Enquirer: 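Submitted below is the structure of interest, expressed as structure tokens.
No experiment lies behind these values; they were computed from the predicted model shown.
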Amino acid sequence: MQTGKGVLVLRSGRRLPLVYRFGTAHDSIRAGYLLCDTSGVDPAAFCDSMHVLCDDGTEVIVGVIQSSDRYLIVSGRVADRSPQQAEGITPAKGSGANRTSPEKEGIA
């Protein structure tokens with residue numbers, strides 16, 4: 001089990017301090033618990049992917065499986081990004097945050 005401290009970065013940019021406990025850590029896949037106070041967060045914020053910045057420098061892009069006011073159960077993968085990107089919280093490759101709208105792509 002991997003444990004440590006980190007920060008949960010919501011899509012809005014809000015940061016929540018946390019303790020993580022990943023029970024699954026195969027290759028780039030992570031699954032486990034994020035222990036943090038989410039009582040002041042709108043539950044709709046958990047419907048999108050979020051970033052966990054771990055104290056060892058690892059960034060994990062996670063999706064919430066189950067939530068409460070004290071913890072989140074998550075599954076995700078390690079982000080492919082440089083340390084400079086992690087400090088600025090710019091979108092990682094493949095996170096979908098750089099996608100253009102269908103109108104801009106000429107699809108609509």
Enquirer: Do other residues, nucleotides or ligands put more than 12 heavy atoms under 6.0 Å from Tyr33 OH?
Expert: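 No, because the 6.0 Å sphere around OH of Tyr33 holds 12 heavy atoms or fewer from other groups.
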Enquirer: List the atom of Pro17, the atom of Cys36, and the distance in Å for their closest heavy-atom pair.
Expert: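 The pair with the smallest heavy-atom distance is O-CB, 3.3 Å.
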Enquirer: According to a 4.5 Å side-chain heavy-atom criterion applied to Ile, Leu, Val, Met, Phe, Trp and Tyr, with indirect links allowed, do Val64 and Leu16 form part of one hydrophobic cluster?
Expert: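 As far as the 4.5 Å side-chain criterion goes, Leu16 and Val64 are connected within one cluster.
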Enquirer: Do side-chain atoms of Asp55 reach the backbone of Lys5 as a donor and acceptor pair under 3.5 angstrom?
Expert: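 Yes, Asp55 side chain to Lys5 backbone: donor-acceptor pair under 3.5 Å.
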Enquirer: Tell me whether Tyr71 shares a hydrophobic cluster with Val19, the cluster being built from Ile, Leu, Val, Met, Phe, Trp, Tyr side chains joined at under 4.5 Å.
Expert: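 Same cluster.
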Enquirer: Atom CE of Met50 and atom CD1 of Ile61: how far apart are they, to the nearest 0.5 Å?
Expert: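 Taking CE in Met50 and CD1 in Ile61, the distance rounds to 11.5 Å.
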Enquirer: Can you check side-chain contact (heavy atoms from CB on, under 4.5 Å) on Glu59 and Val52, steps first, answer last?
Expert: CA-CA 6 Å; Glu59 178 188 2; Val52 175; over 6 Å; no
Enquirer: What pair of heavy atoms forms the shortest contact from Val41 to Phe46, and how long is it?
Expert: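 So the two residues come closest at CG1-CZ, 3.8 Å.
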Enquirer: Minimum heavy-atom separation for Phe22 to Cys54, with atom names?
Expert: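 For Phe22 and Cys54, the tightest heavy-atom pair comes out as CE1-SG, 4.3 Å.
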Enquirer: Should side-chain heavy atoms under 4.5 Å link Ile, Leu, Val, Met, Phe, Trp and Tyr, which residues sit in the same cluster as Met1?
Expert: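 Taking Ile, Leu, Val, Met, Phe, Trp and Tyr as members, Met1 stands alone, with no cluster partners.
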Enquirer: Output the distance between atom CZ (Arg77) and atom CG (Asp27), rounded to the nearest 0.5 Å.
Expert: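 Answer rounded to 0.5 Å: 13.5 Å.
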Enquirer: Please report the closest heavy-atom contact between Tyr20 and Leu34, naming both atoms and the distance.
Expert: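 Minimum heavy-atom contact is CB-CD2, 3.8 Å.
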Enquirer: Show, in sequence, the C-alpha distance, side-chain angles and deciding distance for His51 and Leu10, and conclude whether the side-chain contact (heavy atoms from CB on, under 4.5 Å) test is met.
Expert: CA-CA 7 Å; His51 298 258; Leu10 303 177; over 6 Å; no
Enquirer: Heavy atoms, side chains only, cut-off 4.5 Å: are Val7 and Leu18 in contact?
Expert: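 With C-beta onward as the side chain, the pair stays apart.
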Enquirer: Mind checking what makes side chain to side chain contact (heavy atoms under 4.5 Å, CB included) contact with Asp37, not counting sequence neighbours?
Expert: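 Scan of Asp37 (side chain to side chain contact (heavy atoms under 4.5 Å, CB included), adjacent residues dropped) gives Ser39.
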Enquirer: Restricting to side chain to side chain contact (heavy atoms under 4.5 Å, CB included), what partner residues turn up for Ile65, sequence neighbours left out?
Expert: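 Ile73, Ser75.
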Enquirer: Which residues pass the salt bridge (charged side-chain N to carboxylate O under 4.0 Å, His left out) test with Asp69, sequence neighbours left out?
Expert: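 In terms of salt bridge (charged side-chain N to carboxylate O under 4.0 Å, His left out), with neighbours along the sequence ignored, Asp69 is linked to no residue.
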Enquirer: Who pairs with Arg70 by side chain to side chain contact (heavy atoms under 4.5 Å, CB included), at least two apart in sequence or on another chain?
Expert: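 Checked Arg70 against side chain to side chain contact (heavy atoms under 4.5 Å, CB included); matches are Ser68.
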Enquirer: Please enumerate all residues that pass side-chain hydrogen bond (donor to acceptor under 3.5 Å, both in side chains) together with Thr58, with sequence neighbours excluded.
Expert: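 side-chain hydrogen bond (donor to acceptor under 3.5 Å, both in side chains) check on Thr58 returns Asp56.
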Enquirer: Report the residues that fulfil side chain to side chain contact (heavy atoms under 4.5 Å, CB included) with Asp42, sequence neighbours left out, ordered by chain and then residue number.
Expert: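 Testing Asp42 for side chain to side chain contact (heavy atoms under 4.5 Å, CB included), a comparison that skips the adjacent residues, returns Ala44.
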Enquirer: Measuring only between side-chain heavy atoms, which start at C-beta, is Arg15 closer than 4.5 Å to Leu53?
Expert: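 They are in contact (side-chain heavy atoms under 4.5 Å apart), so the answer is yes.
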Enquirer: Of all the heavy-atom pairs spanning Gly76 and Val60, show the shortest one and how long it is.
Expert: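 Between these two residues, the closest heavy atoms are C-CG1, 4.3 Å.
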